[in-house]
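Report on one structure; see the data block that follows.
Protein chains get the first letters and strands the later ones, always in sequence-line order, with residue 1 at the start of each.
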Protein chains: 2
Amino acid sequence: MTADLEITRLRESGGKGFEKVFAFLRERLLAGSLRPGDRLIPERDLAAQLGVSRPILREALRALTVLGVVEIRDRVGTIVRRPDPSVLNDFFTFAFAQQSDVVDDVMQARIAIECQAVRLAAERATVSDFEKLQQALARIVETIDDPDGGSAADFDFHRTVVHAGKSETLIVLHSSLSGILMRSHRGRRELLQVFDSMKTYLIEDHRRIFDAIVGRDPEHAERVLREHFAIGDDFRRRAAIGESDARSAS
Amino acid sequence: MTADLEITRLRESGGKGFEKVFAFLRERLLAGSLRPGDRLIPERDLAAQLGVSRPILREALRALTVLGVVEIRDRVGTIVRRPDPSVLNDFFTFAFAQQSDVVDDVMQARIAIECQAVRLAAERATVSDFEKLQQALARIVETIDDPDGGSAADFDFHRTVVHAGKSETLIVLHSSLSGILMRSHRGRRELLQVFDSMKTYLIEDHRRIFDAIVGRDPEHAERVLREHFAIGDDFRRRAAIGESDARSAS
DNA sequence: GTATGCAATCTGGTATGACCAAGGTAAGAG
DNA sequence: CTCTTACCTTGGTCATACCAGATTGCATAC
């Protein structure tokens, strides 16, 4: 192959060590001359060919690792991976970690994702998806009095809906965003327990969403889901106002 | 501060060098004990405190760098950054480089983001946003016969809409997704030129979106935008069928 | 001829120590 | 007091070495 030629040309190209190596590998990955499943040559050899030391090469490989494009397997080698969207979780986690005030903003994105996903779900959901949704729904009913379990069941239902949409991208984004929201507002559901009307809202709303999906009505499904979010937001608002004196915690 | 105590505890914690260090820094960043603007202690000292060698420490720092959470400044130090969403572009570029078949899937996510954003835009857009949208609209009209410029104008209008939604998260996601779509289907618009009805569609649709935003009607805005995407998809479908023989490129 | 077992070898994981270049800073000159 | 300069700091890189486990291949046993 023509690898050596390009490597030679790489030597003179600008960049300072790491940048040079990273850019080289990056180009190779993007161009497709390095495809998923390929195993890179040993670090020592690769470092020598690239004209850098092994630590520097490893910095570049490690950088590619966190991007999910390669996998360094101990005592085996470095292999090119099919990019795993799960690394997005890593990023989003960092990206929205500190700013707790962006939770509402992230929530907007979650709504966006779910509303689109529920549309797709209404079109693409399989019988298997229906069953999973049914189960998720049942769990919501079962755990209606349990804050922890209820929160998990709620999240699980929404996750199932998104999965039923069969869009890998939406699934990934939703997963990442959910992670942030769960981390930030873990106890959000607890204060909702105060309202009795809350319980029926939780059950009925989710059931309506389920029905809309089963009924293959994307338009209706989105409307119901959007309503669901709006009502939930309203509950939170009322809870925040009503209890702002009693519990001004964080 | 209590840094030393935690560092000590870190020493015994599981993990093999890099993993250990990365996990430690990760936790520190997420917990907020390391905040944007902070400067880490010198690599040598930090490596010593963490009980690892400098190359390993640098691997961890480099990993955090590609995630955009820290910035290593030559001969200055390592400083914590406010996560820069632009690194998402880096990731998405890799993630969807080879698989051109995921473009449709990514498009679903883009639709999701924009539909939510246009709702917010209808609620939150300022007069300044109106002006920008107006300008973007004018550019679409001007460049209606120019494939390159037209494509840029089209994209710019949509970008302006999302920005008018005032949601940082949506803006970030949209930017990243748009990057992929532009890279993957750069010449997508060219083949649309064949249809004469296309031009009026492009101009009228965008104007309707603009009107809906100015009219402060979220519901209508989303409906129009969704229609816009559907029609565009239809045009592409027709173009693909009609020209599948003539140009079976890629 | 095939199968099994052991050892040389390969590969990543990590540590040390050293050198360079440039930014920062404090001491010294004016 | 100001300005210059020498020194120290700090990241950037390199070369070498050792470890441990995975791999591989050869030799031996069946």
Side-chain angles (χ1 to χ4, degrees), chain A residues 3 7-8 10-26 28-29 34 36-81 84, chain B residues 3 7-8 10-26 28-29 34 36-81 84:
Chain A
I7 289 177
T8 305
L10 176 274
R11 260 208 174 95
E12 289 102 49
S13 81
K16 306 242 179 265
F18 170 81
E19 292 293 344
K20 177 176 62 176
V21 176
F22 185 75
F24 171 75
L25 293 175
R26 174 201 180 85
R28 279 310 191 79
L29 269 325
L34 286 176
D38 289 357
R39 201 176 70 212
L40 271 58
I41 62 179
E43 294 181 355
R44 289 169 178 79
D45 302 346
L46 187 54
Q49 286 194 22
L50 294 177
V52 297
S53 65
R54 196 147 85 95
I56 297 303
L57 172 64
R58 282 183 59 81
E59 280 184 30
L61 292 179
R62 197 66 87 170
L64 292 172
T65 296
V66 303
L67 287 177
V69 287
V70 303
E71 179 184 357
I72 305 179
R73 278 220 279 254
D74 197 355
R75 282 146 294 187
V76 173
T78 306
I79 63 185
V80 181
R81 292 199 342 179
D84 179 4
Chain B
I7 290 177
T8 306
L10 177 273
R11 257 204 178 98
E12 290 102 48
S13 81
K16 305 250 180 255
F18 170 81
E19 291 294 344
K20 178 177 60 177
V21 176
F22 186 74
F24 171 75
L25 292 175
R26 173 201 182 85
R28 279 313 192 76
L29 269 325
L34 286 177
D38 289 357
R39 200 175 71 212
L40 271 58
I41 61 179
E43 293 182 356
R44 290 169 179 80
D45 302 344
L46 186 54
Q49 286 194 21
L50 295 176
V52 297
S53 64
R54 197 149 83 98
I56 297 303
L57 198 238
R58 282 183 60 81
E59 281 183 30
L61 292 180
R62 198 66 90 169
L64 292 172
T65 296
V66 303
L67 285 177
V69 287
V70 303
E71 180 183 356
I72 305 179
R73 279 221 278 254
D74 197 355
R75 278 147 288 169
V76 173
T78 306
I79 61 183
V80 181
R81 291 198 342 177
D84 180 3

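- The shortest side-chain heavy-atom distance between A:V80 and A:L40 falls under the 4.5 Å cut-off.
- Using a 4.5 Å heavy-atom threshold, the side chains of B:L50 and B:K20 count as separate.
- Side-chain contact between B:F18 and B:V52 is absent, with no heavy atoms from C-beta onward closer than 4.5 Å.
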B/S/- along nucleotides 9-20 of chain C (protein heavy atoms under 4.0 Å) is --BBBBBB-BB-
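- D:dT10 atom C1' lies 13 Å from atom CG of B:L57, rounded to whole Å.
- Counting only heavy atoms from C-beta outward, the side chains of B:R62 and A:R62 never approach each other to under 4.5 Å.
- Taking the side chain as every heavy atom from C-beta outward, B:L25 and B:L61 approach each other to under 4.5 Å.
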